[in-house]
Q: 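I have a structure here, written as structure tokens, and I will follow up with some questions on it.
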Amino acid sequence: MKTFNKTFTQQEPIPEAAIARAVEVMRGGRLHRYNTLEGEVSETAQLESEFAAYIGAPYALACASGGYALHIALRSAGLTPGGPVLCNSFTLSPVPGAIHNAGGRPVLVEIGEDLKIDVDDLGRKAAESGARFLLLSHMRGHIADMDAVLEVCRIHGLILIEDCAHTLGARWKGGMSGTFGTVACFSSQTYKHMNSGEGGFLTTTSPEIMARAVIHSGSYMLYGRHLAVPDEAVFQEVRLVTPNLSGRMDNLRAAILREQLRLLDDRCRQWNLLYGCLEVELRKAPGLHMPIRPQHEQFVGSSIQFSLPGFGEDDMHRFIERCGKRGVEVKWFGEAEPRGFTSRYDSWRYIDGLVELPKTRKILSTLCDMRVPLTFNETDCALIGEIIGECVQAILKTGQIPVSVKNGGRS
Ligand SMILES: *Cc1c(COP(=O)(O)O)cnc(C)c1O
């Protein structure tokens with residue numbers, strides 16, 4: 001029996017040019033973003049203006065993490081204590097955590113079979129809760145029908161904040177992910193599309209939100225050293241009434257990210273190539289279902305999801321274990337017990353008024369997930385796909401699971 005023996009958490013090395021630049025920054029000793037010589041623009045400020053240009057946003061702020069960016073995005077957009085914030089229930093724990101940190105109350109919204117937010121439930125919960133904000137997580141790169149989402153936002157007067165932790169470099173109907181809402185947040189934590197260990201970005205079209213976010217991030221009165229920010233007059237309005245919540249990015253991280261940003265589109269193409277290899281194999285496997293992805297969703301395949309309809313809890317455990325024994329690390333979003341990075345919405349018990357979400361629970365109950373690190377090649381992905389297919393067959397043979405499920409496709 002074939003096994004796979006590379007690790008699913010091994011990232012590519014930091015590019016040599018980025019290492020060289022990081023060494024220069026260290027030699028200079030000026031690691032703090034505001035520690036600049038006369039006339040010098042810090043690495044962090046340069047990264048911000050390059051990031052803003054990449055996204056196509058007027059303003060960008062680099063900060064300590066993606067979760068931190070989400071937190072100050074909500075505060076800067078005017079969330080008040082106890083205020084409800086709508087959020088899709090299929091996401092990672094830093095998202096409800098950021099809402100909580102900002103003093104808000106997450107109101108979780110159901111997802112559909114396509115793993116995207118259920119727009120009908122969104123409308124219903126917007127009306128019920130009176131929420132002013134939608135924090136939309138493009139979870140695992142799945143981008144919802146943004147026309148439909150924006151329509152619900154318009155009807156209910158919701159401010160849209162996009163969580164683009166998994167969609168940096170992705171597009172929807174040609175528009176860059178992160179340009180649909182008022183604010184967008186990104187992460188450069190090791191397992192995202194750029195790797196600085198920890199790190200995050202916030203982009204926005206709103207001068208007021210940007211000025212508040214910069215002050216929140218811990219700019220002191222040195223915000224004039226940023227490039228991708230609004231005019232001084234906007235800062236004058238907010239500078240004394242915005243608390244310093246210290247969460248800056250430093251020049252060392254910025255130095256290693258600048259080169260990665262230049263390589264990002266190439267990396268996204270590589271991810272999609274690998275995703276394609278996996279997809280071809282997985283679509284051959286009877287009993288395995290892949291979500292249908294519309295043509296205009298130009299996602300980045302840095303991870304892949306599939307479900308195993310009809311599988312019970314026991315079958316799922318056996319499947320995951322079987323894959324693991326053959327070196328294929330599959331995550332299960334439906335597991336009752338949170339494990340590693342993965343937790344189901346009902347494990348976020350600090351949420352006030354946490355309600356049952358039957359549709360989401362059912363979808364997650366057989367939903368599997370796998371990272372696709374760029375240290376894998378096309379042969380690796382074909383082998384992984386083959387192993388997964390065989391493991392599904394092995395479970396199907398031993399159980400009483402009907403194999404009537406049609407595999408999805410791209411529309
Ligand atoms: C990683 C992640 C975040 C938070 O990013 P950090 O930089 O780790 O704080 C937010 N949302 C999603 C969906 C993520 O995967």
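Since the model is a prediction, treat every value here as computed from it, not as a measurement. All ligand and atom numbering here is 1-based and tracks the order in the structure.
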Q: Polar pairs, ligand 1 vs protein, N/O only, below 3.5 Å.
A:
residue	atom	partner	partner atom	Å
ligand 1	5 (O)	Ser187	OG	3.3
ligand 1	7 (O)	Gly66	N	2.7
ligand 1	7 (O)	Ser187	OG	2.7
ligand 1	9 (O)	Gly66	N	3.4
ligand 1	9 (O)	Gly67	N	2.8
ligand 1	11 (N)	Asp163	OD1	3.4
ligand 1	11 (N)	Asp163	OD2	2.7
ligand 1	15 (O)	His166	NE2	2.6
ligand 1	15 (O)	Lys192	NZ	2.9

Q: List in chain and number order the residues that pass side-chain hydrogen bond (donor to acceptor under 3.5 Å, both in side chains) with Ser49, two or more places apart in sequence or in another chain; answer none if no residue qualifies.
A: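 With sequence neighbours excluded, Ser49 shows a side-chain hydrogen bond (donor to acceptor under 3.5 Å, both in side chains) to no residue whatsoever.
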Q: For Pro81, give me all partners under side-chain contact (heavy atoms from CB on, under 4.5 Å), at least two apart in sequence or on another chain.
A: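 With neighbours one apart ignored, the set is empty.
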Q: State whether the side chain of Tyr275 and the backbone N or O of Val372 hold a donor-acceptor pair below 3.5 Å, judged by distance alone.
A: no
Q: How many angstroms lie between atom SG of Cys164 and atom NE2 of His138, to the nearest 0.5 angstrom?
A: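 These two atoms lie 4.5 Å from each other.
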Q: If you take the centroid of each ring, where Trp contributes its six-membered ring, are Phe376 and Phe4 closer together than 6.0 Å?
A: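 Yes, the ring of Phe4 comes within the 6.0 Å limit of the ring of Phe376, centre to centre.
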Q: Show the atom names and distances, to 0.1 Å, of all donor-acceptor pairs under 3.5 Å that link a side chain in residues 177-185 to residues at least two apart or in another chain.
A:
residue	atom	partner	partner atom	Å
Ser177	OG	Thr167	OG1	2.8
Thr179	OG1	Met176	O	2.5

